[in-house]
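Hydrogens, waters and symmetry mates are skipped; everything else that's a heavy atom, side chains included, is used. Starting from 1, each residue takes its place in the sequence as its number.
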Amino acid sequence: MTARFVCGECSRTFPLTEIRYRCVCGAPLEIARATVSIEPPITRALFDARLGDRVGAAGSGVWRFRELLPPLAPEHIVSKPEGNTNLYAAGAAGTGGLRRIGEYAGLATFDLKHEGENPTGSFKDRGMTVGVSQAVALGAQAVACASTGNTSASLASYAAQAGIPCFVFVPAGKIASGKLAQTLAYGAVTVQIQDDFDAAMRLVQDACVQLGIYLVNSVNPFRIEGQKTIAFELLQQLAWEAPDWIVLPAGNLGNTSALGKALQEARACGLIAQLPQVAAVQAAGAAPFYRSYATGFTERFTVIADTVATAIKIGDPVSYERARAVIRATAGVVTTVDDAALLEAKAVIDRAGIGCEPASAATLAGARRLVAAGIIPPDARVAGILTGHLLKDSETTAAYHARAGVAGPLYANRPLVVDATLPAVCAALEPYL
C-alpha cells in the first residue's frame, strides 16, 4: 500500500497528491503508510545508526525517522535541521537544580524533553518541515496559517527558506511580542484579526479555499506527521523503554494527536512493547477539551479562551477528534491548571536553568496536580514535553518577577536597585551569601 490520506471516521481514502485536510464526511484526515514492506526494515538499530548524521536533512531529528513519515523526494525537503532536542533528567532522584522540578512534581523519575530548543524556539518546527516540504512538492503558490504565535514564527521561517510567499493570521494584540517579531522578521505577510485565535482560524481556512493557498495549521495531516517525531526521538533517548506516562500542554490538540499516533505506530513496528498513558493539560481558562473529557466525550464544547498562556489560548481546537481518540487509546486523562499554578510551575522550571514559555509549564503544573490526586503514582516513570522557549514570552516572565514582595509570587525574583558605590553593592549582596 502506498501512503494515502485515511479518514478515521468513515475509512475513505484519498491520494496524497490531492490537497485535502478533512474527509468529505467532515472528519480530519490522517496519513497511513505501510511499514511491513519497507526496506530497510524498521528497527531500533536503523534509527540509532543515524544519530551521528549532522548535516542537512540527514541530521534532522525529524527526517531521521523518514521511514515513518510521508514519502517526499529529497529535493523537496525543507529542513534547518530541526529536532535533536535535549532530554533533561528532572526527577527528585536527580541532581542539582533539575532535582527541584521532580520534587515539585512529586516524582522520582521525570524526564523533560525541551522542544523550545528547535530552530525557531518551539515544537512547531517539526511539523513545519514536513508541511512546507509537501507544499514545495505540490508546487503551492503560497502557504498560510492562523496562529497564537509559535506556528506563525515557524511557518514564516520555513516558507522564507523555501522561497514561498507566506500569510499568517494572528489575533490583534493577543500575541507575545517575541513571536510577532519573529514572524515579521522572516518576511511573512501578517494579518492582525480584530478578534481571537478561533476567529483567525475560521478566516484563514476560508481564505485558503477562496485564494488557492496551502493551509499549514495542524488540521493539515502533514503537520501531524512531523510532530510525531517528538515521541520517536523521546523513545530513542530513553533507549526505547517507554515511560508509564507522557504529559504535555494541550491547546489546538495537534501535539496530543501527533503524540498518540506516534506511540501507536512505534508499538505496531515493535519499537516499544507498551503504550504510555497520555495526560493532556489545559489552562483552566481555555479548557474545552477538558470539559468534553469530563463528560466522557459525549459532548464537544467551545469556550472563549482566557489565559496568560497564549500558546494554548484556544477555545475551539481543530484536532479535537484525533486527540479524543488518543486519550481513549492510551487510557489517558485530561486535566486543567489555573494561571497561578502555571506561572509558579514555570518559575520552578526557569530556576532550574532550562526555562520555558508559560504554556510549556502546563506540563509540570499538570503533573503535580495528577500526582497529588493519586492519578499518577509518585514512582511512575514520567516524561513531559516543554513546547516553547523562555524568550517566546519575555513580557509575562518579567511581569511575574516584578511582583516580588510580601504578597508576591513564591518564586518571584525582583532585580536589586542600588547606588553606584561599592559599599551599597556589598550591603545588597551580603544577605544572599
(request) Write out all pairs satisfying side-chain hydrogen bond (donor to acceptor under 3.5 Å, both in side chains) with one or both partners inside residues 187-205, taking only residues at least two apart or from two chains. (result)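 Pairs touching residues 187-205 that pass the test: none.
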Which heavy-atom pair separates [X] from [Y] by the least distance, and what is that distance?
{"X": "Thr256", "Y": "Ala280", "result": "OG1-CB, 4.2 Å"}
{"X": "Ala153", "Y": "Thr183", "result": "N-OG1, 3.4 Å"}
{"X": "Pro81", "Y": "Pro119", "result": "O-CG, 3.4 Å"}

Over-ring placement of [X] relative to [Y], 6.0 Å and 45° cut-offs:
{"X": "Arg291", "Y": "Phe301", "value": "yes"}
{"X": "Arg368", "Y": "Tyr104", "value": "yes"}
{"X": "Lys174", "Y": "Phe197", "value": "no"}

Could you check whether any side-chain heavy atom of [X] comes within less than 4.5 Å of a side-chain heavy atom of [Y], counting everything from C-beta outward?
{"X": "Leu259", "Y": "Val326", "result": "no"}
{"X": "Thr229", "Y": "Leu69", "result": "yes"}
{"X": "Cys208", "Y": "Val204", "result": "yes"}
{"X": "Ser79", "Y": "Val62", "result": "no"}
{"X": "Leu112", "Y": "Thr363", "result": "yes"}
{"X": "Pro28", "Y": "Pro221", "result": "no"}
{"X": "Ile193", "Y": "Pro171", "result": "no"}

Taking atom types as modelled, find out whether [X] and [Y] have a side-chain donor-acceptor pair closer than 3.5 angstrom.
{"X": "Thr387", "Y": "Ser360", "value": "yes"}
{"X": "Ser60", "Y": "Glu82", "value": "yes"}
{"X": "Gln282", "Y": "Thr335", "value": "no"}
{"X": "Tyr214", "Y": "Asn220", "value": "yes"}
{"X": "Lys313", "Y": "Thr148", "value": "no"}
{"X": "Arg64", "Y": "Gln236", "value": "yes"}
{"X": "Asn150", "Y": "Lys392", "value": "yes"}
{"X": "Arg223", "Y": "Ser218", "value": "no"}
{"X": "Thr295", "Y": "Thr298", "value": "yes"}

Results of salt bridge (charged side-chain N to carboxylate O under 4.0 Å, His left out) for [X] - residues two or more places apart only:
{"X": "Lys179", "value": "Glu357"}
{"X": "Arg322", "value": "none"}
{"X": "Arg324", "value": "Glu9"}
{"X": "Asp350", "value": "Lys346"}

(message) Assess the residue pair Val168 and Val189 against the criterion (side-chain contact (heavy atoms from CB on, under 4.5 Å)); give the C-alpha distance rounded to whole Å, side-chain angles, the decisive distance to 0.1 Å, and a yes or no.
(response) CA-CA 6 Å; Val168 302; Val189 175; over 6 Å; no
Please answer whether the main-chain N or O of [Y] pairs with a side-chain N or O of [X] as donor and acceptor at a distance below 3.5 Å.
{"X": "Arg328", "Y": "Ala325", "value": "no"}
{"X": "Asp338", "Y": "Ala340", "value": "yes"}
{"X": "Asn118", "Y": "Gly83", "value": "yes"}
{"X": "Asp339", "Y": "Thr307", "value": "no"}
{"X": "Thr336", "Y": "Ala283", "value": "no"}

(request) Determine the sole option in Asn86, Thr85, Asn84 for which the side chain to side chain donor-acceptor pair (under 3.5 Å) test with Glu117 is passed. (result)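 The side chain to side chain donor-acceptor pair (under 3.5 Å) with Glu117 is passed solely by Asn86 among Asn86, Thr85, Asn84.
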(request) Would you check, one step at a time, whether the test salt bridge (charged side-chain N to carboxylate O under 4.0 Å, His left out) holds for Glu115 with Lys124? (result) CA-CA 9 Å; Glu115 288 297 293; Lys124 303 289 187 177; over 6 Å; no
(request) Determine whether more than 12 heavy atoms belonging to other residues, nucleotides or ligands lie under 6.0 Å from atom CD1 of Ile304. (result)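 Open: at most 12 neighbouring heavy atoms sit under 6.0 Å from CD1 of Ile304.
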For residues 94-102, dump all side-chain donor-acceptor pairs below 3.5 Å to protein atoms at least two apart in sequence or in another chain.
| residue | atom | partner | partner atom | Å |
| --- | --- | --- | --- | --- |
| Arg99 | NE | Glu103 | OE2 | 3.3 |

(request) Please identify each residue that fulfils ring-ring contact (aromatic ring centres under 6.0 Å, His included) with Phe167, with sequence neighbours left out. (result)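 So Phe167 forms no ring-ring contact (aromatic ring centres under 6.0 Å, His included) with any residue.
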(request) Please name all residues satisfying side chain to side chain donor-acceptor pair (under 3.5 Å) with Thr330, sequence neighbours left out, ordered by chain then number. (result)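 Thr330 satisfies side chain to side chain donor-acceptor pair (under 3.5 Å) with no residue once adjacent residues are dropped.
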(message) Nearest 0.5 angstrom please: Ser177 OG to Glu395 CD, how far?
(response)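 One gets 3.0 Å once the value is rounded to the nearest 0.5 Å.
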(message) Is the ring pair Tyr88/His114 parallel, tilted or perpendicular, if the boundaries are 30 and 60 degrees?
(response)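 Ring orientation, 0 to 90° scale: perpendicular.
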(request) May I have the step-by-step check of side-chain contact (heavy atoms from CB on, under 4.5 Å) for Leu68 and Phe47, ending in yes or no? (result) CA-CA 11 Å; Leu68 296 173; Phe47 301 132; 4.0 Å; yes
(message) I'd like to know if Glu67 and Arg50 make a salt bridge, using a cut-off of under 4.0 Å between side-chain N and carboxylate O.
(response)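 Judged by the 4.0 Å cut-off on N to carboxylate O distance, Glu67 and Arg50 do form a salt bridge.
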(request) Check step by step if side-chain contact (heavy atoms from CB on, under 4.5 Å) holds for Val278 and Val247. (result) CA-CA 6 Å; Val278 173; Val247 185; over 6 Å; no
(request) Enumerate the residue pairs fulfilling ring pair (Phe, Tyr, Trp, His ring centres under 6.0 Å) with a member in residues 259-291, sequence neighbours excluded, ordered by first and then second residue. (result)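 Residue pairs with at least one partner in residues 259-291: Phe289-Phe297, Phe289-Tyr320.
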(request) Sort and list the pairs that fulfil ring pair (Phe, Tyr, Trp, His ring centres under 6.0 Å) and have at least one residue in residues 228-257, not counting sequence neighbours. (result)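 Every ring pair (Phe, Tyr, Trp, His ring centres under 6.0 Å) pair that includes a residue of residues 228-257, provided the two are not neighbours, is Phe65-Phe232.
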Donor-acceptor pairs are to be reported for all side-chain atoms of residues 370-386 against protein atoms at under 3.5 Å, with residues two or more places apart or in another chain.
| residue | atom | partner | partner atom | Å |
| --- | --- | --- | --- | --- |
| Arg381 | NH1 | Ala242 | O | 3.2 |
| Arg381 | NH2 | Ala242 | O | 3.0 |
| Arg381 | NH2 | Asp244 | OD1 | 3.3 |

Side-chain donor/acceptor pairs under 3.5 Å, residues 265-272, sequence neighbours excluded:
| residue | atom | partner | partner atom | Å |
| --- | --- | --- | --- | --- |
| Glu265 | OE1 | Lys228 | NZ | 2.7 |
| Glu265 | OE2 | Lys228 | NZ | 3.4 |
| Glu265 | OE2 | Lys261 | NZ | 2.7 |

(request) Begin from the C-alpha positions of Val143 and Leu215 and carry the test side-chain contact (heavy atoms from CB on, under 4.5 Å) through to its verdict. (result) CA-CA 6 Å; Val143 292; Leu215 181 65; over 6 Å; no
